[in-house]
Amino acid sequence: MTVTENRPDYKWVGTRPIRHDGYDKVVGKARFAADRNSPGQLHGAFLRSPHGHARILSVDTSAAEAMSGVKAVVTGADFPDLPIGHPERDTAVNLMARDVAMYVGHVVAAVAASTRAEAEAAAAAIEVEYELLPVVLSLDESIADGAPLANADNRTAFSGSDDPSNLATVTPLERGDVDAAFEAADVVVEREFDTAWVHQGYIEPHACVVDVGADGKAEVWASSQGHFRVRSQAAAVLGWDTARIKVIPAEIGGGFGGKTTIYLEPVAARLSEKSGRPVKIVMTRDEVLRATGPAPASKSRIRIAATNDGELTAIDGWIGYAVGCTGDMAGFVGAMSVASYKFPNLKMEFVGALTNTPRSAAYRAPSAPQAAFAIESVIDEIAQALDTDPIELRLKNAVVEGDLTSMGGPHPRIGFVECLEAIRDSEHYQSPVPDGAARGIGTGFWFNIGEQSSATVNLNEDGTATVITGSPDIGGSRASMALMAAEELGLDVHRITPVVADTESVGFTDVTEGSRATFATGMAVVNACRDLVGELKARAATIRGVEVDAVAWVDGAAVVDGHDPLPLADITAKAKSTGGPLTVTASLNAGGAGPSFAVHCCDVSVDEETGRVEVLRYTTAQDAGTAIHPSYVEGQMQGGTAQGIGWALNEEYVYADDGTMLNASFLDYRVPVASDLPMIETIIVEVPNPAHPYGVRGVGETGIVPPMGTIANAVSRASGVRLTSLPMSPPKVLAALDDR
Amino acid sequence: MSNDATRRSRTHVSCTVNGDQVDFLADDGTSLLDALRDELDLTGAKEGCGTGDCGACTILVDGRINCSCLMFAPEAEGCEIVTVEGIAEGDHLHPLQQTFLEGAALQCGVCTPGFLVSAKALLDENPDPTETEIRYALAGNLCRCTGYDKIVRSVQEAAVQLRGASR
């Protein structure tokens, strides 16, 4: 169902056509990263550190190089040593260790051989001499006084200090007078929370095929959330001009933030350069879990003050993120995410701290889920203490346009209140809680980003169109681009072919992150189409022999008083005689990204004997601004929710004391399967974003923010004990029940 | 060298794939999945884990679902193999393929081939499954994009269509 403010009556926007790339994906024709082979290709494999932290004293590749089928071996010495402070130094160091291995699974060397088995055997034959260093495995260890350094190259960002530190970022926020507010409060709730490392869990492992020719040019076939970033990162890591590298975007088999950085391509490029052959590298699932992703683990302490009439007067606290082995913005971004409630008095500190675990990567609204889990839990406890409805309490304190964000600026037009009302009024919330179950409410938002995008729209001779962008389609964005173009041009959406082009065939486009593709790239498409309509009107004026001002564009045709409408196809047919091909390119750095809020409601039961939590019913309401293709908006809401349910109930990295991950498989790192989940009901709320021509906000990330708090609140109400540690797996729930 | 010895042992495999008689050579250690993908260029089935945990490589072997990553290629000798490339009938999509498209049951699409094959096996066996039966039949296939909602609904819709067609 959809709850919509007044909006224009669109013909195509808001409809649900079959996506243009769908056919290839249901018949097995779509080519993902591992689905391409090049003639004469070699296969790459890695030697990875067995140690959580160790100085690399020597690497002897001679035995490996002499083995059957081996064509090339590379180590850290084969890459330029980017200086501390270089924006891609951490990327470079992470994909090939230089002097120090910083986590179990850190790549130390790579081999290209005729077969994968040969490459793996040769990698295993490389001899490395290590000097073991202290392993920092947790946030507490990292921030302890006198802690050993997890990465001696790290400097605390924005601190101005050049001293090595385990702190990636320290971000304080303060407004009002917190001490006075707590003094005057009627109710104060304070809790500590922790969450585990979790992985994005995309089903497609990272893979690429790279072919470096004798002319020094590289063709890269890879799946990613942004092939222009693959190009720029690979160029920096290799020390090459970007013009040497062409990146062709494979279909991407899930990313969720985890494919916004690179792990393989420069290594494959160096191996290809050395061997003179194309090199294919495909990660195993074990490698994906041990050495890509994950999202930071966290610890937090949150204290909130309220009055008896339900005003939340103050929040103070601390949220720390264990970010892995390199500098990271998780703590800083976390600070931006605490902006759902007015809180006139606020004093918080956000910290990111390094650990000898894989370099963390973005995961859908990065850093917000950990913070929302803690804050939404405390707010729920305040609602219980005040014996008030959890939605009414939130409605009373929800931010609206003009209220301050955590960073100090005002919120633009947002739909938080509308989402709260949508859940409050839903059939789910209005229905009685089932016997033996309890209901939880939680909320969350993501501010979204704009960034740079390009689009080219070509009108073909017969009046069909091609819409070319540089945003990989990670969940239906081709269809969204085509729908917006259809609306602008007045053309049937199935007469438009949306294309994701390589780095040499479309203008620069930033990575698909921050829920920006339909927002920002969509805006580039709309701008290109509007310019094209201007050109179509000019051509029609020529054909009709009138001034261009006398031409209107109505429903796919040029309309001039006193003439029959001139359909688009009649104008494209005369393109040659009226000025040549009809093609427009638009590019922009999009401002005005609209925050997307969501409110979730779930019913759970808790098995008192096993500690197992069952999610019985789940409803999500989210502000999409405008849903261009509602099915794929719902899909983002449902997918984010399912990942959040996994984060809440099951998923966690389990480490041995030496930093070895003990559950590096989909059997032991258990993401939700179909039988774990109910249907996920969706309510699309549409409070248009005034900064986008169709009101789009971007919906990809917000869905993962509310589930942990929502489920924790339901479980706590069901069990009578407050759950503060994720995941709420059966052993933890059972322990909590025993402690009642 | 031992590598050479292990590498050059290749077995001739003869089977049917999507109705066609095929012959190929496979190293004894090669999975059926790799043989389908690399020898026959049928890349519809994917490797998401290589350990039988994700179902992206699901195929039908003599009518039963199998993780092709867990089968050695020579085990396919004499078998009837069906992959996602073989479930459409000529230029007519299988009802499951059509309902997946109409119901937006795929986002990234990398798990879709495995789901389609598993769902086909379910509906071949049980034309009128309950939601719970669908969820358990598909529990060996991981999807990280959709939360399964639209997949389950699309299987339900395909079941309705198939029952209508067989009446």
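What you see below is based on every heavy atom in this structure, not just the backbone, and it leaves out hydrogens, waters and symmetry mates. Labels below follow one simple rule: chain letters A, B, ... track the order of the sequence lines, proteins then strands, and each chain is numbered from 1.
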If you count heavy atoms of other groups shown closer than 6.0 angstrom to [atom1] of [X], is the number above 12?
X      : atom1 : answer
B/H12  : NE2   : yes
B/E133 : CD    : yes
B/E89  : CD    : no

Structural part of [X] lying under 4.5 Å from a heavy atom of chain A:
X      : value
B/L116 : side chain
B/E131 : side chain
B/A88  : neither

Donor-acceptor pair, [X] side chain versus [Y] backbone, under 3.5 Å?
X      : Y      : result
B/D149 : A/I680 : yes
B/Y148 : A/P672 : yes
A/R19  : B/Q107 : yes
B/R135 : A/L677 : yes
B/R144 : A/Q200 : yes
A/R285 : B/G48  : yes

Work out which heavy atom in [X] is nearest to a heavy atom in [Y]; give both atom names and the distance.
X      : Y      : result
A/I203 : B/A56  : CG2-CB, 4.2 Å
A/V26  : B/F100 : CG1-CB, 4.3 Å
A/F666 : B/C49  : CD1-CB, 4.1 Å

Which region of [X], side chain (C-beta onward) or backbone (N, CA, C, O), has a non-hydrogen atom less than 4.5 Å from a non-hydrogen atom of chain B, or is it both or neither?
X      : answer
A/P17  : neither
A/Q643 : both
A/F256 : side chain
A/R31  : side chain
A/A34  : both
A/S631 : both

* Which residue out of A/G22, A/G28, A/S675, A/P678 racks up the most heavy-atom pairs below 4.5 Å with chain B? ->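 Among A/G22, A/G28, A/S675, A/P678, the one with the most close pairs to chain B is A/S675.
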Name the member of A/A642, A/G640, A/P205, A/S665 that forms the most heavy-atom pairs with chain B at distances under 4.5 Å.
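That would be A/P205.
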Next on the checklist: The test is side chain to side chain contact (heavy atoms under 4.5 Å, CB included); show your working for A/Q638 and B/T146 and say whether it passes.
Outcome noted: CA-CA 6 Å; A/Q638 292 164 333; B/T146 65; 5.9 Å; no
Review point. When you check the gap from the basic side-chain N to the acidic O, do B/K46 and A/D35 get nearer than 4.0 Å?
Key: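 Yes, this pair counts.
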Going by an N to O cut-off under 4.0 Å, is there a salt bridge joining B/K150 and A/E634?
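Here B/K150 pairs with A/E634 in a salt bridge, since their nearest N and O are under 4.0 Å apart.
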Practice problem: Indicate yes or no: at least one non-hydrogen side-chain atom of B/E102 is less than 4.5 angstrom from one of A/R16. | Solution: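 The answer is no, as the side chains (C-beta and beyond) never meet within the 4.5 Å cut-off.
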- Query: How about A/V671 and B/L142: do any of their side-chain heavy atoms sit closer than 4.5 Å?
  - Reply: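 The answer is yes; the side chains approach within 4.5 Å.
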Worksheet item: CG of A/D668 to CG of B/D53: how many Å apart, nearest 0.5 Å?
Response: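 If I round to the nearest 0.5 Å, the distance is 8.0 Å.
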**Asked** Could you give the distance from NZ (A/K29) to CD (B/E85), rounded to the nearest 0.5 Å?
**Response**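 So the NZ of A/K29 and the CD of B/E85 are separated by 10.5 Å.
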query: If you count heavy-atom pairs under 4.5 Å between each of B/T112, B/L93, B/L106 and chain A, which one has the most?
result: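 With the most close heavy-atom pairs to chain A, the winner is B/L106.
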message = Quick check for you: among B/C143, B/G44, B/C145, B/C108, which has the greatest number of heavy-atom pairs under 4.5 Å with chain A?
response =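 With the most close heavy-atom pairs to chain A, the winner is B/C108.
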